[in-house]
Amino acid sequence: MSQLSPVLTQATPVVAVRGEGVYLFDAEGRRYLDFTAGVGVTGTGHCHPRVVEAAQRQAGRLIHGQYTTVLHQPLLDLTERLGTVLPEGLDSVFYLNSGSEAVEAAVRLARHATGRQNVIVFDGSFHGRTMGAAALTTAGTRFRDGIGPLMPGVAVAPFPYAFRLGLDAEAAVEHALRGLDHVLATVSSPGETAALFVEPVLGEGGYVPAPPGFLAGLRERADRHGMLLVLDEVQTGFGRTGRFWAHQHGSGTVPDILITAKGLASGFPLSAIAAPTALMRKARPGSQGGTYGANPVACAAAVATLDVIRDERLVDNAAAQGELLLRGLREAAAGVPAIADVRGLGLMAACEFQRPDGSPDPATARRAQQAAAELGLLLLTCGVHQSVVRMIPALVVDSDQIGEALSLWSKAVTSATA
Ligand code: PMP
């Protein structure tokens, strides 16, 4: 007899047997409104018929190709199709299986391309759990304690978390950029710094959109000092925030390296880094790869994902439903002092819980998340102190489902704060 390792921490006790759109079903046929989307993965919803059909068709033709041995058609098709959505100039793509691997691939590429060793990340960052990516992760000591020493050469600068800093957006950006300049002057000089790694919306660290001006400020410093700007859009990409990429919200900032995963293949393990070909050429031959990278079934599912996002106008839907969700969450928070901040971008929405003394309140956040699950609404917590409840439904969510979620959420908050 074996059992699942107790090392796994799980947000709900649900055993899912089937998924359809924004719903999950358990063995008893109970239906759950899934506002976790597998941590922001199933953008096209669970088991979108076109994704299922593409994957089934590909599984009957070729399941494993191994890209260091042979190429295959879904990989070529996906590479061509990504050209229609990638930012201008990022015309070279390389595939891996998970966000963490892609982050590490970006570190390798940045070090090779610049000949410099260090990277700078931003306070509250989550870039993954593998030993390299964990070194870039500052979203909580639980991701680091007792597993080190981690990869050296990582410095941490402030993120413009306006609410926690008690500043308005503009002042928070100024504070964060000044902090970065300080790190460059004191800890990791420009000549030692290969890249800045940043999430356009802090994800696991609390669902904090970078206010306007922050990414542009990073771009300016990267250009000034010959450092690369790496945007980790693992959670924010593929329409999640109401633009195809989160960095396209107004800033006009283009990264040197873009990292994507999660929404890319609707649940099949696939990730990628994209960069200008001239930059990719600086990676030393053989320095990137892996047995399962660019799996044919995952690539076919990713092509179908792109089709669905385009044909069903899911990026626009994410923007519209996201507004509805945020408005509803604000209404639900009115008169609830425990919810101190409601924020989000597109379909990344969050409520931050706080005690009367202003300290983070993970206990109430957890109670609200658990109460919601009992009512049939699946949610996740996040944040450095896990005091934030986040909502990340599939991009196919409609306004009735948003309404249903908001009504369950209000009940959950009432029971958690009673
Ligand atoms: N970067 C970001 C921004 C993420 O949100 C995550 C996963 N939550 C990762 C990297 C790591 O991805 P994975 O779990 O696929 O390794």
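Along the sequence shown, residues are numbered consecutively beginning with 1. Ligands are counted one by one from 1 in listed order, and the atoms in each one are counted from 1 as well.
- Counting only residues at least two apart or in different chains, side chain to side chain donor-acceptor pair (under 3.5 Å) contacts with residues 206-222 comprise D181-R221, Y207-Q235, R219-D223, R219-D256, E220-R224.
- Within ligand 1, the atoms closer than 4.0 Å to a non-hydrogen atom of D232 are 1 (N), 2 (C), 3 (C), 10 (C), numbered from 1 in the order shown.
- Numbered from 1 in the order shown, with element, the atoms of ligand 1 that lie under 4.0 Å from a heavy atom of Q235 read 5 (O), 8 (N).
- Nearest protein heavy-atom neighbour of atom 13 (P) of ligand 1: G99 N, 3.5 Å.
- Distances shorter than 4.0 angstrom do not occur between any heavy atom of E233 and any atom of ligand 1.
- One finds no salt bridge joining R108 and E101 here, because no Lys/Arg side-chain nitrogen approaches an Asp/Glu carboxylate oxygen to under 4.0 Å.
- Between the side chain of T137 and the main chain of F126, no donor-acceptor pair closer than 3.5 Å is present.
- Considering backbone and side-chain atoms alike, V39 places every N or O at 3.5 Å or more from each N or O of ligand 1.
- The residue R129 has no part lying near ligand 1, judged by heavy-atom distances below 4.0 Å.
- Inclusion of E199 in the set of residues having an N or O under 3.5 Å from an N or O of ligand 1 is not warranted.
- Atom 8 (N) of ligand 1 has as its closest protein heavy atom K262 NZ, 3.1 Å.
- Checking D26 against Y32 by side-chain atom types alone, a donor-acceptor pair falls below 3.5 Å.
- In terms of protein heavy-atom proximity, atom 16 (O) of ligand 1 is nearest to S100 OG, 2.6 Å.
- Below 4.0 Å from some heavy atom of S98 lie the following atoms of ligand 1, by number and element: 15 (O), 16 (O).
- Side-chain N/O atoms of T44 and S266 include a donor and acceptor closer than 3.5 Å.
- The protein atom (non-hydrogen) at minimum distance from atom 2 (C) of ligand 1 is F126 O, 3.3 Å.
- Between the side chain of T193 and the main chain of S189, a donor-acceptor pair closer than 3.5 Å is present.
- Under 3.5 Å, the side chains of S271 and S98 contain no donor-acceptor pair of N or O atoms.
- Using a 4.0 Å cut-off between a side-chain N of Lys or Arg and a carboxylate O of Asp or Glu, D307 and R81 qualify as a salt bridge.
- Between E101 and ligand 1, no N or O atom pair is found at a separation short of 3.5 Å.
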